[in-house]
Novice: 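Sharing a structure, written as structure tokens. Questions coming.
Owing to the predicted nature of the structure, the values given are computational and were not obtained by experimental measurement.
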Amino acid sequence: MNMLASGLPLERVGVLAELDPFALQEVAAVMQPVKLAGGAMLCDQGDAGDTLYIVVHGRLRVSVAGARGGRRIVAELGRGESVGEMALLTGERRSARVEAIRDSMLLALSRSAFERVVEQYPRVMAQLARQLVERLKLSLRGAPVTHFLSTVCVQPAVPSARIGEFCERLARSLGMIGPTLHLTRSTAGGALADGGNGIGRGDGGDTRMLAWLNQQEERYAYVLYEADEADPVWSRLCERQADCIVLVARADDDTPPSPATAAPSAPAAGSARHELVLLNAGTPVAGAMERWLAALPSVQAWHHIADNHDGQVARFARLLVGQGIGMLLGGGGARTFAHIGVLRAMHEAGIEVDAIGGVSGGAIVGAQAAAGVSPQEMKERARDEFLRRGSLMDFTVPIVSLIRGRRFARMLTGLFAESTIEDLPMRFFCVSANLSRATMRVHDRGTIWRAVGASISIPGIGPPTCENGDLLIDGSVLTNLPVATMRELCQGRVVAVDVSADKDLSVDRSWTDFPSPARLLATRPWRRRAMRIPNILEILFRGAMLSSIAGERDIAQRVEFYLRPPLRGINLLDFKNLDQVEIRAYEYAVQALERWPFRTGGGTC
């Protein structure tokens, strides 16, 4: 098979799309087929490079070595996409590792063959150079990794789990996003039999059967393969064809599986992503997800879905295929009450959020939203904690911090008790800064109040949180809106709510030096009409956020929808202005959401 016989529309191949028909034929005639089994490596970082590859069927993962070990995924490539363009131009060594996520068919264009075509059609070189420039621009802007998932294999996490009804619900939800085919052992066998074929061995060697499956992938946006416990051959075929493998179980199983008895083993490098769905009768079962995740270490994402809640199935479908809405809530002291107003406006507009992340005060609001708390209830809780119960500033001897933090701890345990992040019905994370190691700590598992407590531990004001001998402090020291972390959790669109202040804590223009303590006290700063003087709490608070605010001024260009409520005049410790902040943000968001560019409910544009 060559390019001409592959059935791949040439107009879908970016590097070739602008060539005239004669040039296309010349390129197609010299390309050679390459078969790559799922998990196999096409090339490694540092290998000699002299060939471009185009995906005909299947899926490739591109990754680079991380600065601290491990690997970072930079791209996933599906049908019609190419890799290795730089090798044709420079012959340099490979800059990344490329692996097959599932069984794949590629077409290869060697450098020598490419040079022969370029001699006759120089415009091929110009088109290739333009594509490389565009990729470089996206890289410099920090553009997200795009995951063009098209095939999903659903299988039971344990032999006793029933998945048929869930597959039907998931297929309906995927069908709301794009044309979807739900394939079972019987429907595939019947379709092939009608065409005079049969499923055959199902071991990857039946080219007629594989060709038929590839035709379905071309015809439909999404193909859902339902594994069959009674037919291991069909189940293995489903796994080999899948961009993602979804494991399904019930949360109320008496005996969680062990790694020895769980259905899939830990996947090899380059294999399909594994996600876990725990079905429940109405609400997540406390502790169940933690036990299942311990038993299935290969799982990379997890979801709770109630039997009677199609909205949760729809949310899972959006996250699965990269159509989700991930919401980031930044920190900002009393200004974070604005998040409540934004959430109220989004709720009234019928906009659903599929995942949520927060930093500092945004983590408090975000965790409640992920738990299903309404904006109105959040506002009443904030009123109780910050206004009716008095100050949370329990001052102490300033050896480690100005306050002990016990009142904040009591507030957080009152809000979240001992619930865990894993048991939240919506995916959630918050971040803190590891003071000991100068790294960011992402909290997406563990006790909610402890994770949020670490995220709001402002250095100098509150005591650091202790974790395995390290000290954790407020996440806004490093980032106030962790876009990259959200993109890892939620493949889709990121909505950022920025409540930081570009300018804060100004003083009289006539000052050249800060007045002495005696002079400051003489102005009676506690009086309403006294000269405005920033106090030590405000200075420490602002100082903790300074680096992230300065480093994230381009945040509006790095997310799909950016909201910045007008909070001029609201200081970091103005907790008494709860109602004013929430109403200002609500009114702003109502108008801003009139420009909402995505379909209501987190769907496609």
Novice: Checking Arg72 now: which residues fulfil side-chain contact (heavy atoms from CB on, under 4.5 Å) with it, not counting sequence neighbours?
Specialist: Val64, Val74
Novice: Identify, with sequence neighbours excluded, every residue that meets side chain to side chain donor-acceptor pair (under 3.5 Å) alongside Asp470.
Specialist: Asn434, Arg437
Novice: When rounded to the nearest 0.5 angstrom, what is the spacing between CE in Met289 and CG in Leu276?
Specialist: 5.0 Å
Novice: Does any non-hydrogen side-chain atom of Cys244 lie less than 4.5 Å from one of Leu320?
Specialist: yes
Novice: Show your working on side chain to side chain contact (heavy atoms under 4.5 Å, CB included) between His339 and Met378 and close with a plain yes or no.
Specialist: CA-CA 10 Å; His339 295 315; Met378 284 186 218; over 6 Å; no
Novice: Donor-acceptor check, side chain of Thr479 to backbone of Ser476, threshold 3.5 angstrom: yes or no?
Specialist: no
Novice: Test of understanding: with salt bridge (Lys or Arg N to Asp or Glu O under 4.0 Å), list the residues that count as partners of Arg315, not counting sequence neighbours.
Specialist: Asp354
Novice: Sequence neighbours left out, what passes side chain to side chain donor-acceptor pair (under 3.5 Å) with Glu168? Give chain and number order.
Specialist: none
Novice: Can you give me the closest heavy-atom contact between Met486 and Gly326, atom names plus distance?
Specialist: SD-CA, 3.7 Å
Novice: Who pairs with His443 by side chain to side chain donor-acceptor pair (under 3.5 Å), at least two apart in sequence or on another chain?
Specialist: Ser432
Novice: So Leu328 and Pro482, do their side chains get closer than 4.5 Å, heavy atoms only?
Specialist: yes
Novice: Sequence neighbours excluded, which residues qualify as salt bridge (Lys or Arg N to Asp or Glu O under 4.0 Å) partners of Glu290?
Specialist: none
Novice: Answer yes or no: are there more than 12 heavy-atom neighbours, outside Arg441 itself, under 6.0 Å from its atom CZ?
Specialist: yes
Novice: Is it true that Arg487 and Glu560 have a side-chain N and a carboxylate O under 4.0 angstrom from each other?
Specialist: yes
Novice: Do you know the tightest heavy-atom contact between Ala171 and Leu224?
Specialist: N-CD1, 3.9 Å
Novice: Walk me through whether Thr485 and Met440 qualify under side chain to side chain contact (heavy atoms under 4.5 Å, CB included).
Specialist: CA-CA 10 Å; Thr485 305; Met440 185 174 72; 3.3 Å; yes
Novice: Could you check if a side-chain atom of Thr447 sits within less than 4.5 angstrom of a side-chain atom of Ser419, using non-hydrogen atoms only?
Specialist: no
Novice: Any side-chain to backbone donor/acceptor pair from Arg427 onto Ala370? Under 3.5 Å, distance only.
Specialist: no
Novice: Determine, step by step, whether Cys466 and Leu471 satisfy the side chain to side chain contact (heavy atoms under 4.5 Å, CB included) criterion, reporting the C-alpha distance in whole Å, the side-chain angles of both residues, the deciding distance to 0.1 Å, and the verdict.
Specialist: CA-CA 5 Å; Cys466 302; Leu471 299 178; 4.0 Å; yes
Novice: What is the distance from atom CD of Glu587 to atom CD of Gln591, rounded to the nearest 0.5 Å?
Specialist: 8.0 Å
Novice: Any idea which heavy atoms bring Leu343 and Ala369 closest together, and the distance?
Specialist: CD1-CB, 4.1 Å
Novice: Would you say the side chain of Val246 lies within less than 4.5 Å of the side chain of Phe316, judging by non-hydrogen atoms?
Specialist: yes
Novice: Any non-hydrogen side-chain atom of Cys490 less than 4.5 Å from a side-chain atom of Ile325?
Specialist: no
Novice: Supply the atom-to-atom distance Ile245 CD1 to Arg273 CZ, rounded to the nearest 0.5 angstrom.
Specialist: 12.0 Å
Novice: Below 4.5 Å, heavy atoms only, C-beta onward: do Ile305 and Arg169 meet side chain to side chain?
Specialist: yes
Novice: For Val497 versus Met327, what's the shortest heavy-atom pair and its separation?
Specialist: CG2-CE, 3.6 Å
Novice: List in chain and number order the residues that pass salt bridge (Lys or Arg N to Asp or Glu O under 4.0 Å) with Arg584, two or more places apart in sequence or in another chain; answer none if no residue qualifies.
Specialist: none
Novice: State which residues pass ring pair (Phe, Tyr, Trp, His ring centres under 6.0 Å) with Phe561; sequence neighbours excluded, sorted by chain then number.
Specialist: Trp596
Novice: Heavy atoms, side chains only, cut-off 4.5 Å: are Leu424 and Ile448 in contact?
Specialist: yes
Novice: Search all heavy atoms of Ser455 against all heavy atoms of Ala363 and return the closest pair with its distance.
Specialist: OG-CB, 3.9 Å
Novice: Taking side-chain contact (heavy atoms from CB on, under 4.5 Å) as the definition, give me every residue that meets it alongside Ser173, ordered by chain and number, with sequence neighbours left out.
Specialist: Val313, Ala314, Ala317
Novice: Nearest 0.5 Å, please: how far is CZ in Arg172 from OG1 in Thr180?
Specialist: 12.0 Å
Novice: Run the salt bridge (Lys or Arg N to Asp or Glu O under 4.0 Å) test against Glu380 and tell me which residues pass, sequence neighbours left out.
Specialist: Arg383, Arg388
Novice: When the ring planes of Phe386 and Phe337 are compared, do they come out parallel, tilted or perpendicular, using 30° and 60° as the limits?
Specialist: perpendicular
Novice: Could you check Trp449 against Met411 for side chain to side chain contact (heavy atoms under 4.5 Å, CB included), going step by step and ending with a plain yes or no?
Specialist: CA-CA 9 Å; Trp449 79 264; Met411 177 188 73; over 6 Å; no
Novice: With rounding to the nearest 0.5 angstrom, report the CG to NE2 distance, Leu247 to His274.
Specialist: 5.5 Å
Novice: Under the side-chain contact (heavy atoms from CB on, under 4.5 Å) test, which residues partner Ser95, sequence neighbours left out?
Specialist: none
Novice: Keeping Thr413 on the side-chain end and Ala409 on the backbone end, is there a donor-acceptor pair under 3.5 Å?
Specialist: yes
Novice: Look only at the side chain of Asp574 and the backbone of Lys576, and say whether a donor-acceptor pair between them is shorter than 3.5 Å.
Specialist: no
Novice: State whether the side chain of Ser457 and the backbone N or O of Gly453 hold a donor-acceptor pair below 3.5 Å, judged by distance alone.
Specialist: yes
Novice: What is the distance from atom OH of Tyr588 to atom CG of Leu563, rounded to the nearest 0.5 Å?
Specialist: 4.5 Å
Novice: Minimum heavy-atom separation for Trp302 to Asp444, with atom names?
Specialist: CZ2-O, 3.6 Å
Novice: Once salt bridge (charged side-chain N to carboxylate O under 4.0 Å, His left out) is applied, what residue pairs with a partner in residues 408-426 remain, sequence neighbours excluded?
Specialist: Glu422-Arg445
Novice: Does Arg450 reach the side chain of Thr465, with side-chain heavy atoms less than 4.5 Å apart?
Specialist: no
Novice: Short question: side chain of Asp498, backbone of Arg564 - any donor-acceptor pair under 3.5 Å?
Specialist: no
